[in-house]
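Since the structure comes first, as structure tokens, the remarks are kept for the end.
Letters A, B, ... mirror the listed sequences (proteins, then strands); counts begin at 1.
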Amino acid sequence: MQTPIPLDIDVPSQQAPKGILRWLTATNHKDIGTLYLGFSFAMFLVGGLMALMIRAELFQPGLQIVQPELFNELTTLHGLIMVFGALMPAFVGLANWQIPMMIGAADMAFPRLNNFSFWLLPPAALLLVGSLFVPGGANAAGWTLYPPLSVQMGPGMDMGIFAIHLLGVSSILGAINIATTILNMRAPGMSLMKMPLFVWTWLVTAFLLIAVMPVLAGGVTMLLTDRHFGTHFFNAAGGGDPVLFQHLFWFFGHPEVYILILPAFGLVSQVVPTFARKPLFGYRSMVFATCAIGILGFSVWAHHMFTVGMPVAGQLFFMYATLLIAVPTGMKVFSWLATMWEGALSFETPMLFAVGFVFVFVVGGLTGVMLAIVPVDIQLHQTYYVVAHFHYTMVAGSLFALFAGTYYWLPKWTGHMYDETLARSHFWLSMIFFNLTFIPMFIVGIAGMPRRIPDYPLQFADFNMAASIGAAGFGLSQLLFLYTVIKCVRGGKAASAQVWDGAKGLEWTLPSPPPHHTFKTPPVIA
Amino acid sequence: MTDPQMATDRREADKAKRTLLLKFSGVAVLMFAFGYLLVPLYESICQAAGLRDIDAPDSVTSTQIDATRSVRLELDANVSRLPWRFRAETPIVEMHPGQLVNVLYEVENTSGRAMTAQAVPSYGPALAAEYVRKLECFCFTRQSFGPYEKRRMPVVFVLDPRLPRDVATITLSYSFFEVEGNGS
């Protein structure tokens, strides 16, 4: 542990650039956090719009609104934008805002690198969205970019590959920054085992990011050289193997889902104790469960590939390893429930989203256990059952936790309380419409409706109509979130420093809103 | 705390941060290389473990003919974006496991350009692959054809009698892929 060092970052605020330059040259962790959160919400709307076009086409059987080519481009871009543009930057945004304040650091470890990480994102987003308008259209191989399709497509695919390079560099740099901040800049007295759980989960996430994002970058670079420079990594003609790409992709892709869910676990672990007015049950086991999920996450990737024709021994190994992950995950759910047990519970919006998260995430997790079982997976592979399963973990899991975290800290950031009535309506609308969208997908998935196809047999019509209505409602509900946040930024009842009576942690010792620079002199933790 | 003391402390803290930055970047670079290393790694593991190399003739361990059953072999021939004609002279062969079989393929370059191509085999069902023991095959090497050249090329193989009894039909499919740059 370093000795506390006051930083001289006393640039008088009147000298700091104003207007657009303030954001372009931002090095303050709070400004960059705001940029990340704003960017991710914009991407969330773009990706959501694509989802609504998909659902509009699937409202009825037959082809009405988009042609199959565009449909495939939309499903691909929806996936890429939501994962890399919306969810990941949102978690990095929360990390930027909160981690320095939660560990008593003055700022992130590398403020200028932080600025660079953020400003790599908008060009990547432009490449992705712009690829829709080039000859041959956008990447339509699915977000998994499987060859041989991805070796054959037009320039839209190259734009997609470059976008992934930029997004990858951005998240690797962001992760290095966060890990260094957590390891090197904690206030004196804050040992690792005293860190708030959100910080812990982000530390593990940062390690995962540093280890797996480069693998994806390597995989898509191989795609690029296969496409243009005569290599044959994935091309059977030259002795290559398309399955190699699947291994590379999922070696990244499976830890990636933990990258998206571990910080969500952290957020819920901050919110639940606050509104149960009890300390978190089993802090140590929560920390160990987080590390266990992070490590096990490296040894299960091939459960996405049970149908490629792997040996039975391989299938069994990946099946058992996958089922093993249910153990630390179950420990987490148990800890949240035990924290709530006999607590003085109150249900403000952050708590509603956190409890809602536990409910829907358990649905996502249990359907995942079903999919982990090889014979079941072979039956359900590439059906809507899989689509419903991962939306339960990603939307209702990661996204609901992000909403919980945003409502939890919004009064701290803005100094105003948000409108509780609007926020609760946002929760209930999101919850109801989310389930209306995705429960029918489980049903049609078990009945055999394949994913990524713009048309379907008549017998699936009613369920698809219900899902489309749910999706439209879910999408519109998010505009209510936007309005609630803007209203809160503009004004509202003044928030106290404590905000929530049960909240514990360094960030609540700061005034609401916190000054531009906080903890210039590190606090001392007993 | 005195000012010079503070400056030293800050320098040390900065140095610790930079060291960590370098370490993490090193891990990222290594993981980037990992994807590329998989290819040579996979090949050397297969070599060390003596796993099948599809470009080399197989050896035959058992020549006992199993006359109690016969297996139907369907010979499929494809070209991938190549101006060649490629077909098996007898598309369907009935045979006993253990029997030495010789089949002929007819290949013709229909273009006025000299070309080199490589045939890649594929089996259905996939598990049959290890039981089709090829002693001689045009697929072991690249094939160069002059303009309008036509050739008959043999495949000699034995079906391993250990083939599971529930496999009654095997499809052996070859696809010719062009080797760019004239394959030298």
Checklist entry - Going from CD1 on A/I172 to CZ on B/F32, what distance comes out if it is rounded to the nearest 0.5 angstrom? => result 9.0 Å
Item to check | Rounded distance (nearest 0.5 Å) linking atom NZ of B/K23 with atom OG1 of A/T180 | outcome: 10.5 Å
Checklist outcome for this item: Given B/S25, B/G35, B/A117, B/A28, the one with more heavy-atom pairs under 4.5 angstrom with chain A than any other is B/A28
Next on the checklist: How about CZ on B/R85, more than 12 heavy atoms from neighbouring residues, nucleotides or ligands closer than 6.0 Å, or not?
Outcome noted: no
Checklist entry - Between NE2 of A/H232 and CZ of B/F177, what distance do you get to the nearest 0.5 Å? => result 10.5 Å
Checklist entry - Can you say whether B/L21 sits under 4.5 Å from chain A via the side chain, the backbone, both, or neither, judging by heavy atoms? => result both
Checklist entry - Measuring heavy-atom distances to chain B, does A/T221 have an atom under 4.5 Å in its side chain, in its backbone, in both, or in neither? => result both
Item to check | Proximal component of A/L113, with respect to chain B [non-hydrogen, under 4.5 Å] | outcome: side chain
Checklist entry - How are the rings of B/F34 and A/F251 set relative to one another: parallel (under 30°), tilted (30 to 60°) or perpendicular (over 60°)? => result tilted
Checklist entry - When you look at CZ of B/R151, are more than 12 heavy atoms from neighbouring residues, nucleotides or ligands closer to it than 6.0 Å? => result yes
Checklist outcome for this item: Here the gap from B/L20 atom CG to A/F110 atom CZ, rounded to the nearest 0.5 Å, amounts to 7.0 Å
Item to check | Structural part of A/L244 lying under 4.5 Å from a heavy atom of chain B | outcome: side chain
Checklist entry - Looking at A/G218 and B/Y36, what are the two nearest heavy atoms and their distance? => result O-OH, 3.8 Å
Item to check | Exercise: identify the closest heavy-atom pair between A/I210 and B/M31 | outcome: O-CG, 4.3 Å
